Amino acid sequence: MKEREDERPRVLVVDDEKNLRESLAAYLESEDIAAFAAGSGEAARELLERERVDAVVVDLRMPGMSGLDFLSWLKDEGPAVPAVMISAHGDVADAVEAMKRGASDYLTKPFSPDELVVRLRKALSDAKLAAAVGAAKRASEPAVRGEAGSLWIGSGPGMEELKRLSERVAPTNSTVLVTGESGTGKEVVARMIHRMSRRADGPFVPINLGGIPENLLESELFGYEKGAFTGAEGRKVGLFELATGGTLFLDEVGDMPLPLQVKLLRVLQEKRIMRLGGTRQLPIDARIVAATNKDLEAAVKAGSFREDLFYRLNVIRLRIPPLRDRPEDIPALATLFASRFAAEMGKQVRGIAPEAIETLSRYRFPGNVRELENAVERAVILSDGEYLRPVDFSFAGEAMRENVPQRADPRPETAPAPIVGADGPLDLREIEKRAIEAALERNEGHRERTAAELGITRRTLLNKMNEYELR
Ligand SMILES: Nc1ncnc2c1ncn2[C@@H]1O[C@H](COP(=O)(O)OP(=O)(O)OP(=O)(O)O)[C@@H](O)[C@H]1O
Ligand SMILES: [Mg+2]
């Protein structure tokens with residue numbers, strides 16, 4: 001099956017031998033790779049000012065700018081793309097020098113063109129992976145946790161509607177605005193949309209737009225060229241570029257300073273960016289998901305948020321209800337968190353006692369799911385039994401035991417009460433089983449994807465499916 005024209009990888013071949021570069025370019029095209037050719041390092045440099053490419057193949061010996069000089073230029077000032085060096089002389093010293101100057105691979109002539117294609121595809125996927133790893137490292141700690149245990153719980157009508165809408169918009173390239181109070185799971189939803197999109201193999205790049213000084217934010221988003229300002233010693237690739245082929249998550253978008261709102265709007269309209277101090281416009285290929293806990297309509301009225309930017313972002317709106325409006329999710333969420341923390345900390349906690357579930361369900365959770373998660377984490381740390389009890393929970397430093405009738409001994413040595421949830425008995429195994437079932441359904445039975453979504457290995461998934469007798 002042919003990939004869509006704009007999704008083909010784009011590769012530049014730089015070689016002074018006309019026949020070789022033209023036949024290589026033709027071969028790449030036959031392999032569904034968009035090929036560009038340049039007869040010299042200088043010509044290649046010019047071409048890179050105009051065109052976006054994903055990788056470069058470069059000959060070592062060329063008159064004028066040598067392949068090695070070109071590599072140095074690429075490393076310091078060119079686009080951050082992998083380069084495969086080719087040479088007629090199987091000289092180890094050259095290969096080492098090429099690697100030092102940033103080449104990702106080295107081939108000796110004569111080579112078969114499909115050998116080159118294999119190496120190119122590897123270089124391309126490594127580069128993508130490196131971008132994704134970089135993005136994951138930048139993600140805040142709770143975000144990473146959300147990714148690892150990417151189970152999403154939501155059962156009331158509001159959450160069902162949210163799930164349906166997410167599934168519908170995920171495969172499109174539409175801009176999505178996720179709104180909800182602090183801690184309601186906006187980032188989880190953003191990641192879910194990314195995972196369900198056609199860009200799932202591309203990077204998910206989060207950036208928090210609140211609380212970062214304006215000039216820093218600008219260089220993070222757009223990148224800069226060497227010497228763009230005092231202290232810009234190298235070139236920096238911005239997050240818009242890093243998110244190529246993936247999703248850029250603009251978190252806390254309501255907290256952006258006005259001048260930056262103008263710049264962001266322009267980028268979203270033109271779908272191009274220019275690095276600070278740069279001269280060329282780079283096309284962007286990132287899906288935008290934005291999130292805020294602010295009332296943006298009110299901010300627009302108050303003049304602190306640009307109306308035009310609001311309309312740009314508000315193409316599809318996903319509203320996450322606060323946890324107090326969906327108490328039916330509390331047992332499942334609490335049990336999920338308990339199992340996750342117990343596993344992380346190597347504790348013997350097996351579930352949550354019914355009295356505790358009941359007290360939790362009555363609490364209003366101003367900090368929403370995040371507050372519940374933190375409370376369960378503390379409870380798991382404090383608990384030395386198999387079931388979390390009301391005494392193990394406290395909110396804002398206030399122990400919950402004040403809210404519940406106390407027994408003489410808060411931890412009687414009787415058998416634990418059965419675990420009850422919203423609809424009958426509920427234990428960790430049941431939760432796990434249901435979660436796996438739901439994930440399988442979401443991924444149409446695709447095992448790899450289901451395992452990836454659940455953050456477990458394929459083997460573990462198969463074992464669990466056996467255990468729970470799932471198809
Ligand atoms: N529906 C859900 N199912 C499972 N876990 C959830 C769900 N919603 C939120 N969480 C968990 O709650 C925590 C908070 O979620 P998240 O960081 O996405 O919230 P947020 O709305 O972005 O919060 P903030 O406004 O504070 O940035 C995360 O650890 C996340 O994993
Ligand atoms: Mg958030």
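Owing to the predicted nature of the structure, the values given are computational and were not obtained by experimental measurement. Every number for a ligand or one of its atoms is a count from 1 in the order of the listing.
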No-hydrogen, no-angle side-chain donor-acceptor test under 3.5 Å, E218 and Y224:
no
For R370, is there any backbone N or O sitting under 3.5 Å from a side-chain donor or acceptor partner on N368?
no
What I want to know is whether R370 and ligand 1 share at least one N or O pair that is separated by under 3.5 angstrom.
yes
Within the structure, does D251 bring an N/O atom to less than 3.5 angstrom of an N/O atom in ligand 1?
no
Check whether any heavy atom of G180 sits under 4.0 Å from an atom of ligand 1.
no
Indicate, as side chain, backbone, both or neither, the part of E373 found under 4.0 angstrom from ligand 1 when only non-hydrogen atoms are considered.
side chain
For the residue pair D285 / T244, report whether a side-chain donor-acceptor contact shorter than 3.5 Å exists.
no
What I'd like to find out is whether the side chain of V81 reaches to under 4.5 Å of the side chain of V56, using heavy atoms alone.
yes
Tell me which one of G210, G154, G185, A291 gets a heavy atom nearest to atom 8 (N) of ligand 1.
G185
Report the C-alpha separation of L260 and L217 in whole Å, then their side-chain angles, then the decisive distance to 0.1 Å, and conclude whether the side-chain contact (heavy atoms from CB on, under 4.5 Å) test is met.
CA-CA 8 Å; L260 206 65; L217 209 51; 3.2 Å; yes
May I ask you to say whether D105 pairs ionically with R119, meaning some side-chain N is under 4.0 Å from a carboxylate O?
yes
Near E252 (heavy-atom distance under 4.0 Å), the atoms of ligand 1 are 27 (O)
Are any of the N/O atoms on V188, whether in the backbone or the side chain, positioned under 3.5 angstrom from an N/O atom of ligand 1?
yes
Does L333 approach ligand 1 within less than 4.0 angstrom via side chain, backbone, both or neither, non-hydrogen atoms only?
side chain
Does a sphere of radius 6.0 Å around CZ in R324 hold more than 12 heavy atoms from other residues, nucleotides or ligands, not counting ones at 6.0 Å or beyond?
yes
N or O pair under 3.5 Å between K186 and ligand 1:
yes
What about G183: any of its N or O atoms under 3.5 Å from an N or O on ligand 1?
yes
Is there side-chain contact between P79 and L74, with heavy atoms separated by less than 4.5 Å?
yes
Find all atoms of ligand 1 within a distance of less than 4.0 Å from any non-hydrogen atom belonging to E187, and give their numbers and elements.
18 (O), 22 (O)
